[in-house]
Every structure is written in C-alpha cells, then in structure tokens.
There are 2 protein chains.
Amino acid sequence: MELDERKTKILQAIIKNYLETGEPVGSRTISKYTDLNLSSATIRNEMADLEELGFIIQPHTSAGRIPSDKGYRFYVDAMMLEHEKEVEQLKDVLLEKEEKLDHMLKQAAKLMAVNTNYATMVTAPRSSRNVLKFLQLSRMDASHILAVIVIEGNVIKNTVIEVAESLNDETMLKLNILLNTHLNGLSVEEINLGLITALKQQAGMYGPIIEEVIDAVAETIKEDEDLEIYTSGANNIFKYPELSDNQKASDLINAFEEKQLLTQLIDDTNTEGKNEIKVYIGEESPIQTMKDCSIVTANYEFGDGMRGMIGIIGPKRMDYDKVVGTIKTIKSQLDTMYKKDED
Amino acid sequence: MELDERKTKILQAIIKNYLETGEPVGSRTISKYTDLNLSSATIRNEMADLEELGFIIQPHTSAGRIPSDKGYRFYVDAMMLEHEKEVEQLKDVLLEKEEKLDHMLKQAAKLMAVNTNYATMVTAPRSSRNVLKFLQLSRMDASHILAVIVIEGNVIKNTVIEVAESLNDETMLKLNILLNTHLNGLSVEEINLGLITALKQQAGMYGPIIEEVIDAVAETIKEDEDLEIYTSGANNIFKYPELSDNQKASDLINAFEEKQLLTQLIDDTNTEGKNEIKVYIGEESPIQTMKDCSIVTANYEFGDGMRGMIGIIGPKRMDYDKVVGTIKTIKSQLDTMYKKDED
DNA sequence: ATTAGCACTCGACTTAAATGAGTGCTAACG
DNA sequence: CGTTAGCACTCATTTAAGTCGAGTGCTAAT
C-alpha cells in the first residue's frame, strides 16, 4: 500500500487538527474539511489504511485517531521542506548592543518561550579550541595578586592569589613577561609538566606563584567546558494537559532545573556536523524523561569557533511550523550577533 | 477565653498530626494520644473552643480540623523558642575549599533541597558599600584593551574596549596611573561629572577610552545590584498534593524560574536588621503567588559587609523543626566560610 | 468537668445507567 | 470500482443515585 495524494492530505488534516485541539480526531471532523469532499465513511476507510501504515493510532476502540511518532515525523519532514524557502524575521530586535552575553542569552531563551508558549533553552557558546590568549598579573593590594586569564574566544577569568609578602613593580613586570612569552597561544595540552618546571625554575623564589597561576589557567579552560545553560518558560508545560500529570511534570521541571540532563541534547546536536535544525519526536529524544515531548534544536555560531545551542521543548503536538520559524530567527540573530558585539 | 495548658497541648497535637498526614485531623485521633487521657467528646469541646479562638479551621462541616495560619504561627513561635538552645551540625562538610563561589552557593541550595524535600533558594552575597578598589588596563592585542575592575568585596569585572589604533606601553602606564590615583576608593556616587570631565581633559586624545572605562565601572557596580539567585528542588513541590494542582504549580515553578519574584523576599529579609531566622506562613508571605506556602529565610554574612540570603519554601504543613535546623546549619556554614575561603 | 450516645452532615467513593463520539462492516448506488 | 448511507457495536466520559464513614454538635447521664 502506498501513501497517495489523498491519503497524504487526510493525514495532514488529521495531524493539523490534533495539533490544535489535543483531542483524538474522528472521521466526521475530517469529512467536513472543505477541500476534499468525501463522506465520513470514505475517510474511515482511508484512516484504517493510514493506521495500518503506522501513521496514526487509535487510543482505544471507539476513539478517533491521533498521530503516531511516525506520523509526526512525516508531517515535520514535509514542513521542513516547505520552510527551506523562507526565513522570516521576528519583528523586534533581540536586544540592545550593550547587554552582556549572559543577559543576552537569557533574553533569547525568554523571547522564544514567550513567543511559542513552550519551554526553551539556550546554551552559552563554547569554544572548541581552548588556547590561552593573554595573561596578566597585577598587584591588588599588599597581600593579593590578581591574575586575569583570557582564552580564545574572549572568555575571561579572574583569580585572586594570596601572597605572603608584597612584590615590587619590577618583579611583577618580570613575571608578566615570563608568563606571556612562554604561554601565549598554547592550548592546555601543550602546557605540560616540563614547561611548568622550566618556568618555575626561571621564576626562582616566585615559583609558587607561577604554579598558582597555571592552576588557574587550567581551571579556567576546564571550567569553560561545563557550560552554562539558560532556560525559560518551564512552566509552560502546564498549558498542555498531556504533560502536566504529576510525575511527568515533576520530571520535566527537574530536568530544567538541574540542567545536567539537558547536556545530552547538546552532545547530540553538536556531533551532527551540519548546521541544521533537528527535530526529535517522542521516543527519538535522547533524554528519557522527555519521551512524551518533542524537541527542536539548532546550533548557532558565535565566531572564533564558538558554538552554542538553542532548543525548544514542548508536547508532541507542538506547533512545529511556528517553532521552527522561531528557532530559525533566533539562530540567525545569534549567528550575526558577534560581528556587532564583541564582549 | 484563654489558651490554657490543655488547649495548648491539644492544639500542638492537632498541628503535629496534620503536618505528618496532610489530612484534617479529627477528635478521635487526638483522644488516642497517650499523654492526655481524654475522650473524643472532650476533645471536640476543646476543638470548638480552639476554632472559636481562630487557631484551627474546619474545611467543611463534617471534617476534622486543620491549622489556620494563626495556628501555624503559634506552633512556630513555640518551636523557635525551643530551638534557641541547640544548634545542631549537619554531618557532612558543605564542600571542599577550592570550589568557586557560585558552585558553592548552588551546592548549598541543593544540599538544603535534598535534606528537606522542599524548594530552596540561595542568593549570592551582595556588598552594601560599592566602592572601587582597583582598576587595571592592559593591552590585549593591537585593537583591544582589557579593563579589569575590582570593587569592594572582590567582585571583579572585565570589559574589552575596542580602540582604533594600538597604544604604546607608556600611554597604557599613564592611563593606569591616572585612573587609579583618581578613582580608587570612590563610590559610584562620588564619581561625578566634574571628576569625569577633569579626567578626560588630562587624558587628552585618550578621553574616549577613559569614558568607556568609567561607563564600565558604573555598569559593574550597578550590575552587582541585580543579584544572582540559585534555586534547587523546585520539583519537590509535586510531593505535596496541596501545591501541585496545575495553577499553583505553574505559578510556583514560574517564580522559581524567573527569580525576579524572589527578590521581594530578599528585600524583606534584609530590611530586618536583626540576624535572625524569619518564618512567613501563608498570607504573611510577601510574595502573592506563595500564599499557600510557608517560607523560612535567614541572612548570612560573608565578611566585608557582604550579605546574602538563604530560604526554604514548602507547604504550610512543612516540617518547621527540620527546616529551621537546616537553615541554621547552612547559615552558620556560610557565615564561617569567608574566613577560610577568599575568592 | 467529663463522657457516652445519637442524630446529623457532607465529602469521598462505588455503582449503574445514559450519552455520544467514533468505528467497522455491509449493501446499495452511480 | 470507488463512494456512500446505514446500522450495530464499542467504550471513554458524564451523570445520578446510593452507600460509607469520618467527624461533628448537642444532650443527658455520670
């Protein structure tokens, strides 16, 4: 049996209707659709076929049909094709230029949540190549030195180092030159024990300071790895009865609060080399607790090899059309952002 | 009518029982309490009195009684008195020394959530006096200058400033000296327009850089004001049926995600000059959406006039005893923390 | 002052029946 | 042959009625 023209139309009508109402849709409802003038009986026959083909499901004997994961998949694929043509623009500017990165991302998450009425997430961009760009020690007061560490992609980290006795300007200068000449442009792998020992030797009595600085460098680069995730609109799930029974809601909220779980999504999105939008439907989700949801994700690029992820999570009957549109808009905004705003 | 010895005992028995079960408690249940040998009929009479006094409520004619807000208040006040004596210690160390502040606070929130099974929050410590402590410009690369700003309490902020042409070392040194000699130790109010104009004049052609730096300083100090809040265990609310109906749960989750709302709590806790634990019961809460909850909060001090807040939010029938204990423990941990760990 | 007893209330639960949306199948129709 | 009208059947949901029982208030006896 094949999916002919008419079956396709009926299938899409069923899904569309279900997306709107969240209720199983029956043959009579479809037969009333204007553009195909068929009686409910005919529709019933077709529906039986569609069920056999696995696109729709009957929750129980005397109920209408709802889309199966396969049905959603079909619908989404068709829609994505449609979408290739247009990239609409969200009306309002994402934000003013002077805002800081984290505010901006938080804002982006919120914007998506408000626009779609689903739960959303945005991860901070993460650099793929972690090399030290710049390093600076300065005297803060008699017993504290401030180390500023800048790694590729302008991730900046400060560490305060406590010292027993005050260092004079000349020593500070020497240490700065020593560190910068030897470490700049190196990745964390390249800063090995041999190099460290050599540096410490050259620094003489200030060896311990060098060690602390290098520790801080290592930590900064490492820390950059357990990335930040901004979420918004988690409470939107209560708008969809199929997600708001106690157990499910609790699990979902937990995932959003812990964020740990969301990282699985990132890995999955990142390994996919292509720069495209991904849609997970139900069981396709890499996150177990979200198998009653659909998830739409995309990568964005922040220049300098920095990449982050945005995602929207909602019920399987989400408005895929709108969601994909929103994701596209936000993605393109973020993609072009770093040119204007370098933080 | 007065609250005599026996009434007090009965009231406490009612509340205690209700805290455990979450169900209205009837006269027979109380009469079976060992230490006061009274028949259910007697209890009923007393209960009628207690209701008239406003300590307990009958949800409907033929149901048992549940505590009113006033009843809870009575119970909590009695308990707090009890608690003055002992400060128990949570068995495990809060965390290892080397963790960073935000990790630490996140950890604290989580620890409390796991311990109590309620939702929790911890705010980052905020300095009351915002004066500039230290300021440093350094050349990052040909077209970028890095400004590091340290304000009292060791809040550190970095800003990258883009410059048209590279500055030589001497100029950088001059600017650094200029800025530090004039600005160190000043609060944001003291850095007025007159001072800024004078500085710009002295800087000559580098006036625009000065301006950017000062903007960044102002922003840093301001930013410190919209403080960060860490939350944990929001999904715990699903463990209490009285909070998990859709509307309420949605509101609560929203408050926890937005965090904006939680700031009301902070203001309220802070204005209270005393360093004590506060308990809000039901309608007493400064946050409207939490009027079905109880909230327990405390301030902690992080040295240097830095203060933050910790709080636990749960159903009105929360285990006040345990909650107050936990809060006390965490508070004392945080209070003593800054001596060991200066970040 | 305390208690036993009893009538009464009312939410929660159980059961049964009615409802109605929706199906599958068959036979008739163009 | 595809389409449709008609009909018997299914089954979740709604509605109504009935039962249960925990709990109360009141009264009269101890």
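What you see is a predicted model, and the numbers here were worked out from it, not measured in a lab. The chains referred to below are lettered A, B, ... by the order of the sequence lines, with proteins before strands, and numbering in each begins at 1.
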Short heteroatom pairs, N/O only, protein and nucleotides 14-17 of chain D, under 3.5 Å:
none

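Between A:Leu38 atom CG and D:dA5 atom C1' the separation is 14 Å, expressed in whole Å. Taking atom CG of A:Asp49 as the reference point, atom C1' of D:dT3 lies 14 Å away to the nearest angstrom. Going from atom CD of B:Glu51 over to atom P of D:dG23 covers 15 Å, rounded to whole Å. Regarding B:Lys32, its NZ atom lies at a distance of 8 Å from the P atom of D:dG23, rounded to whole Å. As rounded to whole Å, 12 Å separates atom P of D:dA5 from atom CG of A:Asn37. Atom CG of B:Asn45 and atom P of D:dT27 are 12 Å apart (whole Å). Per the geometry, CD1 belonging to B:Ile56 stands 12 Å off C1' belonging to D:dT24, to the nearest Å. Rounded to an integer number of Å, the gap from CD1 of A:Ile43 to P of C:dA21 is 18 Å.
Between A:Ile295 and A:Ile312, the closest side-chain pair of non-hydrogen atoms is not below 4.5 Å. Looking at A:Pro24 and A:Pro59, their side chains come closer than 4.5 Å, going by heavy atoms from C-beta outward. When side chains are defined from C-beta on, B:Ile277 does not count as touching B:Thr297, because their heavy atoms never get closer than 4.5 Å.
Annotation: of the two residues near DNA chain C, B:Thr42 and A:Thr29, the 5′-most nearest-nucleotide partner is B:Thr42.
Considering only residues two or more places apart in sequence or on other chains, B:Asp319 meets the salt bridge (charged side-chain N to carboxylate O under 4.0 Å, His left out) condition with none of them. Qualifying side-chain hydrogen bond (donor to acceptor under 3.5 Å, both in side chains) partners for B:Gln247, counting only residues two or more places apart in sequence or in other chains: B:Asp251. With sequence neighbours excluded, the residues forming a ring-ring contact (aromatic ring centres under 6.0 Å, His included) with A:Phe55 are A:Phe74, listed by chain and number. Under the side-chain hydrogen bond (donor to acceptor under 3.5 Å, both in side chains) criterion, B:Ser232 pairs with no residue, sequence neighbours left out. In this structure, B:Arg28 has no side-chain hydrogen bond (donor to acceptor under 3.5 Å, both in side chains) partners at least two apart in sequence or on a different chain. The side-chain hydrogen bond (donor to acceptor under 3.5 Å, both in side chains) check on B:Thr289 picks up nothing, with sequence neighbours excluded.
The salt bridge (Lys or Arg N to Asp or Glu O under 4.0 Å) contacts involving residues 42-58 of chain A comprise A:Arg6-A:Glu46, A:Lys7-A:Glu46, A:Lys7-A:Asp49, A:Glu51-A:Arg65, where partners must be two or more places apart or lie in separate chains. Legend: salt bridge (Lys or Arg N to Asp or Glu O under 4.0 Å) pairs involving residues 255-266 of chain B, not counting sequence neighbours, sorted by first then second residue: A:Lys110-B:Glu258.
Within a 6.0 Å radius of CD in A:Glu242, more than 12 heavy atoms belonging to other residues, nucleotides or ligands are found.
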Practice task
Summarise how protein sits on nucleotides 6-14 of chain C as a single string, 5' to 3': B when a protein heavy atom is under 4.0 Å from the base, S for sugar-phosphate-only contact, - for no contact.
Solution key: ---BBS---
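In terms of phosphate contacts, A:Arg28 brings no side-chain nitrogen or oxygen within less than 4.0 Å of OP1 or OP2 of D:dA5.
Residue B:Arg317 comes nearest to B:Leu19 through the heavy atom pair CA-CD2, 3.2 Å, listed as atom of the first residue, atom of the second, then distance.
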Exercise for the section: Give the intermediate values and the outcome of side chain to side chain contact (heavy atoms under 4.5 Å, CB included) for residues B:Tyr18 and B:Ile56. Expected result: CA-CA 11 Å; B:Tyr18 180 68; B:Ile56 51 180; over 6 Å; no
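Nearest to the side-chain atoms of B:Ser27 among the listed nucleotides D:dG25, C:dT3, D:dT24 stands D:dT24. When distances run from any side-chain atom of B:Ser39 to the nucleotides D:dT4, C:dA4, C:dG24, the shortest one goes to C:dA4.
Residue A:Ala63 is in sugar-phosphate contact alone, with no base atom involved, counting any heavy-atom pair closer than 4.0 Å across all strands shown.
Within a heavy-atom distance below 4.0 Å of DNA chain C, the residues of residues 3-15 of chain B found are B:Arg6.
Taken over five-pair windows at either terminus, the axes of the helix from C:dA1-D:dT30 to C:dG30-D:dC1 are inclined to one another by 20° (rounded to 10 degrees).
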